[in-house]
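Presented below is the structure to which this report refers.
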Amino acid sequence: METDLRLESSLWVGNKRYLAVLTGWHFKWTETDKKNRDKKTVSVPVAEVVGVEEGRVEILPRKSVEDTDKDFTVFYVKRSSTRNSYGLLWRLGRTQFSCPSRVLRDQWTKQLKTAVKTHSPLRPHRLLVFINPYGGKKKGRQLYHSLVAPLFELADISSHVIVTERANQARDHLLKKDLTGFDGVVCVGGDGMFSEILHGVIGRTQQEAGVCENNPAVTLQPCPLHIGIIPAGSTDCVCYATGGVIDPVTSALHIIVGDSQPLDVCSVHYGSGLVRYSVSLVGYGFYGDVLSESEKHRWMGPVRYDYSGTLVYLSNRSYAGTVHYLPADPLLSSPRDKTRCLSGCGVCARSTERLFPNSSDSGSLYSSYSGQLSTESEGEWVTVEGRFKCVSLTCMSSSCARSPLGLSPSAHLADGTGDLILVWNTHPLSFLKFLHRHTNSQDRFDFPFVEVHRVKAVRFCLAGATEEGEHEEFGSLSAAADGGASGCVDAGGRNGSQPHLEQMRNEEKTVTPFMCCLCCRKAPDVSVWNCDGEILPFTNISCKIHGQLVRLYARGIEDIASIRSCSQETGDCCGT
Ligand SMILES: Nc1ncnc2c1ncn2[C@@H]1O[C@H](COP(=O)(O)OP(=O)(O)OP(=O)(O)O)[C@@H](O)[C@H]1O
Ligand SMILES: CCCCCCCCCCCCC/C=C/[C@@H](O)[C@H](CO)NC(C)=O
Ligand SMILES: [Ca+2]
């Protein structure tokens with residue numbers, strides 16, 4: 001294949017002559033002017049070519065084509081580092097080449113297009129795009145049409161765009177409508193909108209596979225539809241934690257080149273029913289209270305979290321409860337090993353091998369999914385009882401602009417585990433120090449009142465829980481599973497009605513929502529769970545991590561150091 005695709009010739013860029021070479025994986029061009037001692041090679045991986053057009057073409061600020069018959073234009077990914085974030089910004093690079101003849105021009109465009117097809121098999125052709133017009137600063141629609149749609153058009157991607165008119169429309173569409181022909185779903189919005197799409201995609205996959213989502217012990221079917229995130233929300237934690245930047249153009253380019261980043265998903269259950277899925281934070285105490293308070297101040301926009309955070313901090317609350325957790329294998333990784341999950345992460349790659357053991361034989365990743373607890377022994381549950389400022393479970397680092405390293409900086413995107421962070425009740429100033437460390441790179445776990453565990457499953461029980469329907473002891477995951485299997489009800493509103501959730505919600509009689517304790521001076525003894533920015537209507541929940549259940553059009557956080565050393569070797573391997 002390598003030799004078939006090889007092409008080499010002299011080409012002109014402006015008034016300079018270059019030697020251009022297309023090998024199997026790279027398209028390179030080097031200035032051939034002998035007077036120039038600093039010969040610079042630009043080398044673009046074929047997988048990062050966005051489009052090849054005949055003529056002299058520009059697409060921004062608007063498309064213009066000068067249809068000359070000896071020219072062609074190549075669009076590709078160019079990187080630049082950013083301040084304040086950990087990932088790399090991707091921009092659209094463009095070089096216009098002139099050939100000595102039309103025949104050679106046609107040969108170049110044909111070979112380049114074939115190479116792109118061969119080397120990036122996951123590039124989408126057809127996408128279903130949901131835009132939340134009210135997310136974040138309400139700029140989703142404008143962002144999509146001005147920055148993203150022109151790039152999709154350039155890359156020959158056809159998209160069916162739905163601007164939502166109500167909450168849960170995207171989820172319901174994914175659960176019920178015909179999705180034939182779509183390669184992926186794009187979410188233009190924030191974490192809440194992403195969560196809708198996550199529920200739609202997971203629910204639809206289980207529906208089609210005949211898998212009951214309520215059963216916490218079941219091996220869920222991994223989802224074949226990829227999800228792309230164009231960030232247009234308030235926190236955009238999922239986008240930040242999976243790419244290191246919040247930038248619509250970068251996200252669009254990752255979608256176009258067909259990047260594929262597996263992601264762990266946590267299922268949250270109440271009794272024998274599924275409540276929700278989470279990829280970021282399932283948090284009780286401080287983070288639940290902040291969310292609950294911030295919902296009252298939605299009109300403030302993204303600042304609502306800072307305002308509510310201050311109020312909740314000043315209320316100085318803690319909650320008594322029991323946490324049970326199932327530790328992950330400590331030999332594989334640790335939340336305090338000071339490593340980071342970066343693009344090409346070895347820990348996640350080994351997890352892929354465990355989860356999809358025969359994927360290279362069968363040719364399809366999904367046909368060989370082994371699940372997690374089904375093949376591994378469950379291990380010993382650990383119980384911790386006490387009074388906590390917060391209990392947080394995160395499947396990924398949960399980094400965001402407010403906290404660039406996140407809740408758990410060494411957590412992995414796709415290792416099949418989550419990090420459980422227990423913050424015991426402590427002096428308010430000590431808790432402030434702990435919170436403050438989230439804004440810098442100091443070790444947030446290096447406090448006597450903080451513990452962190454890498455886990456596969458968690459159960460929580462509020463001390464003296466008085467909620468109706470929450471009296472029963474949680475058995476093991478498998479015991480809960482028996483209940484789920486016998487009474488397999490529809491979860492997460494798959495038919496739009498959410499019958500079991502509604503019924504169970506009505507049973508939650510005594511859950512006290514967060515009230516301003518500064519006025520009433522009485523701290524309520526019940527908080528709420530924050531599940532990726534949604535308040536859960538239950539307190540005594542159980543959670544299980546499902547390794548690599550979904551795939552995003554992303555590639556993790558690129559390591560700036562390795563990209564830099566790559567540039568030094570080749571002159572500039574990432575574009576001009
Ligand atoms: N047309 C709509 N009208 C009202 N709500 C909608 C509509 N479309 C989607 N939603 C809901 O709006 C909620 C918030 O949206 P989104 O996540 O996009 O923005 P955000 O809350 O500002 O950002 P973040 O979640 O990152 O903090 C989502 O939970 C989603 O279900
Ligand atoms: C003295 C300074 C105190 C600053 C405290 C900063 C703490 C920041 C921690 C941020 C964690 C964000 C976790 C992400 C959660 C998301 O899943 C969720 C949905 O967007 N966001 C929120 C705000 O709940
Ligand atoms: Ca994980």
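When a ligand or atom number is given, it counts from 1 through the structure's own listing order. Everything numeric in this text was worked out from a predicted model, so none of it was measured.
Closest approach of G244 and I557 over heavy atoms only: N-CG1, 3.6 Å.
Proximity of G533 to ligand 1 is not established, as no heavy-atom distance is less than 4.0 Å. Ligand 1 has at least one atom lying under 4.0 Å from a heavy atom of R304. Under the 4.0 angstrom criterion for non-hydrogen atoms, Y305 is in contact with ligand 1. Ligand 1 is never approached by R171 to a heavy-atom distance shorter than 4.0 Å. Look at R298 and you'll find a heavy atom under 4.0 Å from some atom of ligand 1.
Separating the NE2 atom in H453 from the OH atom in Y325 is a distance of 3.5 Å, to the nearest 0.5 Å.
From the protein, the heavy atom lying nearest to atom 18 (C) of ligand 2 is G533 N, 3.8 Å. For atom 3 (C) of ligand 2, the nearest protein heavy atom (residue, atom name, distance) is L435 CB, 4.0 Å. The protein atom (non-hydrogen) at minimum distance from atom 4 (C) of ligand 2 is T439 CG2, 4.0 Å. Looking only at heavy atoms of the protein, atom 21 (N) of ligand 2 is closest to T235 OG1, 4.1 Å. The nearest protein atom to atom 7 (C) of ligand 2, hydrogens excluded, is given as H438 CB, 4.0 Å; this is a heavy-atom distance.
Under the 6.0 Å cut-off for aromatic ring centres, W529 and F460 qualify, their centroids lying closer than that. Centroid-to-centroid, the aromatic rings of F431 and F449 stay 6.0 Å apart or farther. Side-chain rings of H173 and F130 approach one another, their centers coming within less than 6.0 Å.
Between H546 and Y277, the ring planes are perpendicular. Angles over 60° get that label, and only those under 30° would be called parallel. Using cut-offs of 30° and 60° on the angle between ring planes, the pair H160 and F182 is tilted. Aromatic ring orientation, Y553 versus H226: parallel (interplanar angle below 30°, classes split at 30° and 60°).
Each of T310, L311, V303 was compared with Y307 under the side chain to side chain contact (heavy atoms under 4.5 Å, CB included) criterion, and only L311 meets it. Among V161, I162, V148, the single residue meeting the side chain to side chain contact (heavy atoms under 4.5 Å, CB included) criterion with I131 is V161.
Those atoms of ligand 2 that come under 4.0 Å of a heavy atom in Y305, given as number and element, are 23 (C). The atoms of ligand 1 that sit less than 4.0 Å from any heavy atom of D236 are 26 (O). For ligand 1, the atoms sitting less than 4.0 Å from at least one non-hydrogen atom of G189 are 18 (O), numbered in the order shown with element in parentheses. Residue T164 has at least one heavy-atom neighbour below 4.0 Å for each of these atoms of ligand 1: 1 (N), 2 (C), 7 (C), 8 (N), 9 (C).
Side-chain contact check for H412 versus T339: some heavy-atom pair is nearer than 4.5 Å.
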**Asked** D264 and M396: side-chain contact (heavy atoms from CB on, under 4.5 Å), yes or no, with the steps?
**Response** CA-CA 8 Å; D264 296 336; M396 48 158 79; over 6 Å; no
**Message:** For R555 and T242: C-alpha separation, side-chain torsions, deciding distance, then whether side-chain hydrogen bond (donor to acceptor under 3.5 Å, both in side chains) applies.
**Reply:** CA-CA 7 Å; R555 63 167 69 165; T242 54; over 6 Å; no
**Message:** Apply salt bridge (charged side-chain N to carboxylate O under 4.0 Å, His left out) to residues D415 and K456 and explain how you reach the verdict.
**Reply:** CA-CA 10 Å; D415 65 340; K456 295 188 280 188; over 6 Å; no
**Prompt:** When you look at R317 and D525, which way does the salt bridge (charged side-chain N to carboxylate O under 4.0 Å, His left out) test go after all the steps?
**Reply:** CA-CA 8 Å; R317 304 167 69 198; D525 51 10; over 6 Å; no
**Request:** Given side-chain hydrogen bond (donor to acceptor under 3.5 Å, both in side chains), test R454 with S334 step by step and report yes or no.
**Result:** CA-CA 6 Å; R454 192 147 282 176; S334 146; over 6 Å; no
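The residue from N132, V188, N168, D191 that puts a heavy atom closest to atom 26 (O) of ligand 1 is D191. When G192, C239, G233 are ranked by how near their heavy atoms come to atom 29 (O) of ligand 1, first place goes to G192.
For a threshold of 3.5 Å applied to N or O pairs, the pair formed by R402 and ligand 2 contains no separation below that value. At least one N/O-N/O distance between S280 and ligand 2 falls below 3.5 Å. The shortest N/O to N/O separation between N530 and ligand 2 falls below 3.5 Å.
The environment of CZ in R141 is sparse: at most 12 heavy-atom neighbours from other residues, nucleotides or ligands sit within 6.0 Å.
At a heavy-atom distance under 4.0 Å, only side-chain atoms of L432, from C-beta outward, approach ligand 2. Of all the heavy atoms of E165, the ones lying under 4.0 Å from any atom of ligand 1 belong exclusively to the backbone. Residue contacts with ligand 1 for E196 involve side-chain atoms from C-beta outward but no N, CA, C or O (heavy atoms, distance under 4.0 Å). Heavy atoms of L407 found under 4.0 angstrom from ligand 2 belong exclusively to the side chain. With a 4.0 Å cut-off on non-hydrogen atoms, V238 does not touch ligand 2 at all.
Near-neighbour remark for the Ca ion (ligand 3): protein N, O or S atoms under 3.0 Å are D264 OD2, C395 O, H412 O, D415 OD1, T417 O; waters not counted.
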